[in-house]
Number of protein chains: 2
Amino acid sequence: MEIRGLEACPIADVIDVLFSRWTTPILWGLHERGRQRFGDLERHVPGISPKVLTQRLRQLERDGLVARTYHAEVPPRVEYEITPLGASLEPLFGSLSAWGATNMPSIEKARRAYDG
Amino acid sequence: MEIRGLEACPIADVIDVLFSRWTTPILWGLHERGRQRFGDLERHVPGISPKVLTQRLRQLERDGLVARTYHAEVPPRVEYEITPLGASLEPLFGSLSAWGATNMPSIEKARRAYDG
DNA sequence: GTTAGTAGGTACCTAGAGGAAAGTAAAGGG
DNA sequence: CCCTTTACTTTCCTCTAGGTACCTACTAAC
């Protein structure tokens, strides 16, 4: 990773894709409970509105991280699932989770020290 | 406190710490060019305003990822550097960068397919 | 006395993200 | 003819993050 000379952050675009608001809870929900319908996601991602859930799912679909399957029934049924590209995030999220488990206590300690 | 779906996503709090806006360009700049002054950061993080740079530096300092050193001179001189806790992010950012290098082409391809 | 140079602080304002609530489509059942 | 269900879509509104511009303290040098 020799990006010396580049002033912009080289992982900025990756972060935009992976960590924009609501994306990780959605991906996590799909990863945890597998393929599921719109209403299931709405129920399991606490606090999200249907408008924003639709927006984020469209974005994830456009980025190829989530696949949408529409069943032309009445009432309509739509299923979402993680694509192989989305599944390739698993080790990344794993190390993120591991870093958090190791270091979040230090961060909270630093916060208490700073605030006190 | 921001609601990102805390109950549903176990890495939500880590993401709030590491990937809130402007934090990674700042950390990257400190990592690339080492200890530096406020004005240097302002120049090297393109587009950031002094107000927000101050806000983000205070947040990073509070979280223990960045250390601030104030020199009581005239004119004042303040230096920022990454702490060991901040430096522990290097492998994480490395795998993030690697994932991007491997998969961003797939994402852009998916976007073109979706748009077309 | 006034200017330069640094690291902010503060007041004001705007843009845009997101919330709430209502509307839409479709087919079958009553 | 209306009701039901689902997955949105649309409209309206709010709220806040962030931008702009100006203000501050401090001393040396001119």
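Just the heavy atoms: all of them, side chains too, but no hydrogens, waters or symmetry mates, feed the values below. Proteins get letters first, then strands, A, B, ... in listed order; numbering begins at 1 in each.
- Between V17(A) and R111(B), some side-chain heavy-atom pair lies under the 4.5 Å cut-off.
- Per the geometry, CZ belonging to R43(A) stands 14 Å off C1' belonging to dC8(D), to the nearest Å.
- Note: CG (D40(B)) to P (dA7(C)) measures 8 Å, nearest angstrom.
- A heavy atom closer than 4.0 Å to some atom of DNA chain C occurs in V74(A), these being the qualifying members of residues 67-77 of chain A.
- Per the geometry, CD belonging to E42(B) stands 14 Å off C1' belonging to dG9(C), to the nearest Å.
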Side chain to side chain contact (heavy atoms under 4.5 Å, CB included) between R112(B) and D115(B): does it pass, once the steps are laid out? CA-CA 5 Å; R112(B) 283 191 298 274; D115(B) 293 340; 5.9 Å; no

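- Note on R58(B): a side-chain N or O is less than 4.0 Å away from OP1 or OP2 of dG9(C).
- D40(B) has no carboxylate O lying under 4.0 Å from a charged side-chain N of R33(B), or vice versa, which leaves the two without a salt bridge.
- For the pair S97(B) (side chain) and I11(A) (backbone), a donor-acceptor distance under 3.5 Å is absent.
- In this structure, the side chain of R56(B) engages the main chain of R21(B) through a donor-acceptor pair within 3.5 Å.
- Rotation axes derived from the C1' atoms of the five outermost pairs at either end of the helix from dG1(C)-dC30(D) to dG30(C)-dC1(D) lie 50° apart, to the nearest 10°.
- The nucleotide whose nearest atom lies closest to any side-chain atom of R56(B) is, among dG18(D), dG19(D), dA7(D), dG18(D).
- Between the side chain of T83(B) and the backbone N or O of G64(B) there is at least one donor-acceptor pair closer than 3.5 Å.
- Screening R35(B), H44(B), Q36(B) against L30(B) for a side-chain contact (heavy atoms from CB on, under 4.5 Å) leaves a single residue, Q36(B).
- The distance between atom CZ of F38(B) and atom P of dG5(C), rounded to the nearest whole Å, is 17 Å.
- With rounding to whole Å, Q55(A) atom CD is found 14 Å from dA20(C) atom P.
- Straight-line distance from the CD atom of Q36(B) to the C1' atom of dA7(C): 15 Å, rounded to whole Å.
- A donor and an acceptor atom sit less than 3.5 Å apart, one in the side chain of K51(B) and one in the base of dG19(D).
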Using the side-chain hydrogen bond (donor to acceptor under 3.5 Å, both in side chains) rule, take Q59(B) and T23(B) through it: C-alpha gap first, then chi angles, then the decisive distance, then the call. CA-CA 9 Å; Q59(B) 173 191 326; T23(B) 55; 5.8 Å; no

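- Protein atom CG of L53(B) is 8 Å distant from nucleotide atom P of dG8(C), rounded to whole Å.
- Taking the six-membered ring for Trp and thresholds of 30 and 60 degrees, F38(B) and Y80(B) have ring planes inclined between 30 and 60 degrees apart.
- Remark: R37(A) is in phosphate contact with dA7(D), judged by side-chain N or O atoms under 4.0 Å from OP1 or OP2.
- Distance CD (Q59(A)) to C1' (dA17(C)): 13 Å, rounded to an integer number of Å.
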